[in-house]
2 protein chains.
Amino acid sequence: MAETTTVGDAPFPPELFMDLDRSSPVPLYYQVAERIESAITSHALPAGSRIENEIALSERLGISRPTIRRAIQEVVDKGLLVRRRGIGTQVVQGQVTRGLELTSLFDDLIRGGQVPTTELLSRETLPASAAVAEALAVPLGSDTLHLRRLRSADGVPVAVLDNVLPADYLDLDTAALQNYGLYQVLRSRGTTMRVARQRIGARRASADESELLELEDGAPVLTASRTVFDDSGRAVELGTHCYRPDLYSFDVTLVQK
Amino acid sequence: MAETTTVGDAPFPPELFMDLDRSSPVPLYYQVAERIESAITSHALPAGSRIENEIALSERLGISRPTIRRAIQEVVDKGLLVRRRGIGTQVVQGQVTRGLELTSLFDDLIRGGQVPTTELLSRETLPASAAVAEALAVPLGSDTLHLRRLRSADGVPVAVLDNVLPADYLDLDTAALQNYGLYQVLRSRGTTMRVARQRIGARRASADESELLELEDGAPVLTASRTVFDDSGRAVELGTHCYRPDLYSFDVTLVQK
DNA sequence: AGCCTGGATATGTCAAGACAAATATAGATG
DNA sequence: CATCTATATTTGTCTTGACATATCCAGGCT
């Protein structure tokens with residue numbers, strides 16, 4: 001009775017999978033996942049509707065079931081689909097917001113259509129404190145690069161970014177740091193960042209911060225402290241950031257497993 | 001040269017997989033993932049070390065390679081392992097912090113060894129505003145249940161929780177809401193929550209909030225507004241929460257895919 | 001009408017095998 | 001000595017096949 005909002009089956013538009021390319025370096029499961037996702041965000045598959053089952057899709061596309069399953073799972077992990085055994089796979093209601101990926105503020109701003117600029121406030125080489133040595137897994141007292149930057153969007157200050165990097169990065173290009181995001185600079189050095197652990201909180205802005213961010217004294221700021229690890233598991237960066245809460249927030253999508 | 005912190009191979013302790021149970025309802029891949037994870041958190045596999053490769057593990061345990069792969073992938077998704085083709089799989093450095101799962105503040109506090117209590121400040125049935133109707137995907141003006149609760153840990157107020165639920169939940173048990181978390185109450189009604197989308201930010205506490213949370217006027221609070229969907233994709237709850245930032249923060253682990 | 005049962009449906013788990021692609025290492029070549 | 005090349009290693013992708021399990025629905029029984 002109260003189930004009246006349920007929507008019936010919605011087959012995929014037949015043309016959706018016409019351009020799958022088996023010879024492409026892009027994996028098949030990824031190509032399929034992309035098309036399912038775009039069918040949802042374009043509302044070709046309405047919210048609440050049930051999608052074609054795995055077996056049928058697999059046969060219709062001439063792709064094995066494990067590959068189809070993997071494609072669907074990608075979309076489930078993004079929070080756009082839900083699956084129930086014996087029932088099927090349905091489209092989640094609600095607006096789609098981009099999930100929190102391993103991106104930097106710099107990337108986020110660009111994606112939002114804004115123009116990010118960076119002012120390098122300070123750059124020092126300092127011995128690792130106990131806390132830093134612990135977080136970066138480097139010897140106590142070893143050289144570390146400390147950066148302090150002010151990030152603005154369309155000329156308005158958005159965040160104060162403090163970063164500490166291990167000795168491998170003492171020679172980072174100062175000019176590049178003014179023009180690109182830290183993550184872009186690290187990537188261009190061949191570092192591939194794989195895992196980030198971060199804690200998000202709030203506190204009053206310090207005197208420094210409120211001046212830089214053009215806030216009143218003691219105004220609230222959103223904070224994030226993150227440690228980033230590369231593809232061999234080594235700590236690459238320790239970031240302590242504070243954001244103007246009226247200009248920035250974090251979007252997170254969680255999926256129950 | 002700068003690679004001196006790399007640690008060599010670390011075989012799994014042979015006894016680690018002795019008690020795998022193929023007849024258990026717990027999936028094999030999950031049993032294996034659990035044991036790998038505990039080997040990491042117990043430091044039996046030191047940070048930076050390389051684990052046994054898939055083929056060897058698969059043969060040694062008499063389990064197919066896809067199943068082993070899935071087990072390892074589970075641990076990778078938690079941010080404890082990183083993989084590189086041609087290289088192997090290595091343990092990520094740094095402390096392990098529990099990731100952000102689809103849990104409630106109530107569950108979080110219990111896990112932290114604290115005693116959560118809930119005071120039901122108000123409970124009203126109100127017609128859905130435009131914003132609520134949009135977020136919950138219910139008709140404009142339809143009945144919705146509005147809750148306002150004060151959550152404390154060990155007697156100290158931690159958060160003010162505002163929740164809006166669709167008409168299906170108008171008859172929620174008031175007594176249960178005083179003694180259990182909202183999510184526990186929903187689960188006991190047979191609702192299984194699958195996806196949550198939330199935005200985390202910061203702002204000044206309102207007069208109400210600062211009084212309830214025993215803060216000064218205008219003190220900063222950490223805010224989260226989330227929409228939760230059940231296993232059929234329907235919106236279950238719209239939450240607007242504000243936390244005392246000295247007592248609570250969000251931990252998030254991100255993995256680059 | 002109410003309850004049980006069996007079949008249909010769809011996802012969940014597991015296996016065995018094949019080939020592709022990225023990386024490191026050791027050896028051959030200039 | 002430096003550089004290129006072949007090879008071994010390891011993860012990434014894809015296929016075919018099988019059975020288990022949860023759910024819904026229709027039919028038959030009480």
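Letters A, B, ... mirror the listed sequences (proteins, then strands); counts begin at 1.
- Atom CD1 in B/Ile55 sits about 12 Å away from atom P in C/dA18, given to the nearest Å.
- Of the listed nucleotides (D/dG12, D/dA18, D/dC14), D/dG12 has the atom at the smallest distance from the side chain of B/Arg65.
- Separating the CD atom of B/Gln90 from the C1' atom of C/dA24 is a distance of 13 Å, rounded to the nearest angstrom.
- Atom CG in A/Leu57 sits about 13 Å away from atom P in D/dT15, given to the nearest Å.
- The distance from atom CZ of A/Arg69 to atom C1' of D/dT15 is 15 Å, rounded to the nearest whole Å.
- Nearest nucleotide to the side chain of A/Thr67, out of C/dA15, D/dT11, D/dC14: D/dC14.
- A salt bridge links B/Arg234 with B/Asp168: the distance from a Lys NZ or Arg NE/NH1/NH2 to an Asp or Glu carboxylate oxygen falls below 4.0 Å.
- Residue B/Ile68 contributes atom CD1, which lies 15 Å from atom P of C/dT13 at whole-angstrom precision.
- Between B/Arg85 and A/Arg85, the residue anchored closer to the 5' end of DNA chain C is A/Arg85, taking for each the nucleotide with the nearest heavy atom.
- Tested against B/Leu81, the residues B/Leu45, B/Val92, B/Ile72 include a single side-chain contact (heavy atoms from CB on, under 4.5 Å) partner, B/Ile72.
- Annotation: side chain of B/Leu177 is in contact with side chain of B/Val185 (closest heavy-atom distance under 4.5 Å).
- In this structure, A/Glu52 atom CD and C/dT11 atom C1' are separated by 15 Å, rounded to whole Å.
- For C/dG12, the base has no donor-acceptor partner in the side chain of A/Arg84 [N/O atoms by modelled type, under 3.5 angstrom].
- Listed pair A/Tyr29 / D/dT13 meets the phosphate criterion, a side-chain N or O lying under 4.0 Å from OP1 or OP2.
- The shortest heavy-atom contact between A/Leu20 and A/Gln31 is CA-OE1, 3.5 Å.
- The listed nucleotides are C/dT11, C/dC14, D/dT13; the one nearest the side chain of A/Arg83 is C/dT11.
- At a cut-off of 3.5 angstrom, counting only N and O atoms as typed in the model, there is no donor on one side facing an acceptor on the other between the side-chain of B/Arg70 and the base of C/dG12.
- Within 4.0 Å of A/Pro27, counting heavy atoms only, lie sugar-phosphate atoms of the nucleic acid but no base atom.
- Nearest heavy-atom pair, A/Gln90 versus B/Asp231, reported as atom, atom and distance to 0.1 Å: OE1-O, 4.3 Å.
- Protein atom CG of A/Asn53 is 14 Å distant from nucleotide atom C1' of C/dG12, rounded to whole Å.
- Nearest to the side chain of B/Thr89, among D/dT16, C/dT13, D/dT11, sits D/dT11.
- Atom CD1 in B/Ile63 sits about 18 Å away from atom C1' in C/dG17, given to the nearest Å.
- Within the 4.0 angstrom heavy-atom criterion, no nucleotide atom of any strand lies near A/Pro25.
- Heavy-atom distances to DNA chain D give each of A/Gly86 and A/Tyr30 a nearest nucleotide, and the one nearer the 5′ end belongs to A/Tyr30.
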